[in-house]
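Structure first, commentary second.
Ligands are counted one by one from 1 in listed order, and the atoms in each one are counted from 1 as well. Position 1 is the first residue of the sequence, and the numbers go up from there.
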Amino acid sequence: MKVRKIIAILAIAALVSCEDDDGPDTSRIIVGGPTDSVDPGGETGGGETTDDPLLYNATEYLKDIVNFPMGNIVSAAKLSNSSQDEFREVLGNEYNSITAENDMKMASMYVGPDDYNWSDGDEIVDYAKANGLRVHGHALVWHSSIPGWLNSFDGTDEEFETLIENYIKETVAHFAEVKDDNGNSIVASWDVVNEIWDGPVLRGTLFREKMGDDYASKLFTWAREADADVKLFYNDYNIAGEPGKRNSIINMVSDFQANNVPIDGIGMQMHLNHNWPTDDLPLSIEQIAGTGLLVHISELDVKANYGDDVTELTQERAEEQEDQYQRAGYYYTELVPEAQQHGITIWGFRDSESWLYDGGNDWPLLYDNEFNTKIAHRGLVAGLNGEAVE
Ligand code: G3I
């Protein structure tokens with residue numbers, strides 16, 4: 001049990017630029033250094049209540065609680081935008097790993113045959129290097145991120161395959177170039193391929209059609225040829241929640257291992273609902289860890305309105321969401337052996353920036369639209385501190 005009673009209530013004076021006409025907003029995520037007050041810990045995961053029961057004052061930064069990386073998503077535009085100070089401040093305080101939400105996908109980088117635009121990815125890597133962050137590369141191949149020119153490519157299958165081989169090798173080699181002071185690449189890992197399983201069966205994709213059923217093993221092999229050290233991941237959704245899909249992924253990994261196809265880790269996306277999955281959540285984490293590979297919770301968020309049955313985030317939903325974040329943090333911390341913990345990445349900062357936002361119909365993240373810290377964050381803090389949901 002890794003309960004760390006961290007000792008820190010932070011001075012209101014140090015709150016993130018929260019002075020406005022109404023005075024300081026004490027519900028915001030804290031910045032600045034800890035003072036000498038004691039975090040109450042316990043079932044609440046620490047922190048102080050606020051006037052708004054959907055929010056709380058956090059007293060622990062996520063990255064300080066655990067020994068594995070805590071990540072969130074970025075874009076090159078946000079990292080350099082002068083109106084995004086608050087985002088960068090929360091990023092720096094809470095996270096030590098970043099994933100490009102879109103900038104390092106094939107549709108963004110592979111702009112024509114053997115023609116690359118890595119500029120946004122480069123900006124992200126430079127920012128990470130300057131700020132001591134790890135970059136998890138996402139995602140080399142994904143059926144939902146194919147550039148238009150490739151989708152309509154009318155050459156032979158052999159020519160198509162060569163284009164993909166070149167793209168994998170050139171891109172992985174390019175991003176291996178920037179190193180930290182210890183000589184390790186800032187891009188420590190890549191999602192080599194994303195979502196090739198459709199439930200328990202292999203998805204019909206352009207890559208499968210042109211390269212054959214074993215296309216994933218080719219992608220991993222090329223990535224390894226380009227960089228001997230970078231960690232190579234398979235990434236998918238509903239690995240928790242769909243046992244049939246999970247079995248197919250575990251079988252694929254066993255097959256890779258038996259045939260010397262290089263793979264280092266599995267990304268469990270973890271797009272959860274407030275009430276789903278339940279029993280399958282710990283079981284899936286245990287089974288994926290059972291492969292012996294690195295395990296990355298790679299895209300964590302928790303839908304509060306999957307059934308579209310509420311028009312605002314109710315107290316009951318917020319508390320269920322808090323519990324689900326706590327379970328994710330708790331099971332990962334407790335069930336994945338330390339040597340296999342690649343980290344937990346949250347898929348977004350403010351609710352309004354989530355891919356699930358859809359005009360305000362869901363509130364899946366840790367911060368509300370004004371960057372106030374939601375009780376969902378309290379749940380995650382508790383889980384990471386080794387506190388189970390009662
Ligand atoms: O940048 C263009 C902009 O120029 C254009 O005007 C606008 C018009 O629609 O689109 C913008 O691009 C959008 C991009 O997000 C940036 O906002 C794309 O249309 C939109 O499809 C894209 O959605 C992303 C989606 O992946 C598809 O790539 C989401 O932001 C991103 O959160 C989501 O992330 C995925 C993971 O990569 C894989 N797992 C599932 C997860 C959620 O779908």
I need the full list of salt bridge (charged side-chain N to carboxylate O under 4.0 Å, His left out) pairs touching residues 102-126, with sequence neighbours left out, sorted by first then second residue. none
Does anything in residues 138-164 pair up under salt bridge (charged side-chain N to carboxylate O under 4.0 Å, His left out), and if so which pairs, sequence neighbours excluded? Glu161-Lys218
About how many Å separate CG of Leu55 and OG1 of Thr50, when rounded to the nearest 0.5 Å? 5.0 Å
Tell me, do Arg350 and Asp368 make a side-chain contact under 4.5 Å, heavy atoms counted? no
Between ligand 1 and the protein, give all atom pairs where both partners are nitrogen or oxygen and the distance is under 3.5 Å, as lines of names plus distance to 0.1 Å.
unit_1	atom_1	unit_2	atom_2	d
ligand 1	15 (O)	Asn102	ND2	3.4
ligand 1	26 (O)	Lys105	NZ	2.9
ligand 1	28 (O)	Asn102	OD1	3.3
ligand 1	28 (O)	Lys105	NZ	3.0
ligand 1	30 (O)	Glu101	OE2	3.1
ligand 1	30 (O)	Asn102	ND2	3.0
ligand 1	32 (O)	Glu101	OE2	2.5
ligand 1	32 (O)	Trp347	NE1	3.0
ligand 1	34 (O)	Trp347	NE1	3.3
ligand 1	37 (O)	Lys105	NZ	2.7
ligand 1	37 (O)	His138	NE2	2.7
ligand 1	39 (N)	Glu195	OE2	3.2
ligand 1	39 (N)	Gln269	OE1	3.2
ligand 1	39 (N)	Gln269	NE2	3.4
ligand 1	39 (N)	Glu299	OE1	2.7
ligand 1	39 (N)	Glu299	OE2	3.3

Test salt bridge (charged side-chain N to carboxylate O under 4.0 Å, His left out) applied to Glu242 and Arg246, step by step: CA-CA 6 Å; Glu242 281 191 46; Arg246 181 163 71 247; over 6 Å; no
Considering residues at least two apart in sequence or located in another chain, which fulfil the ring-ring contact (aromatic ring centres under 6.0 Å, His included) criterion with Phe256? Phe220
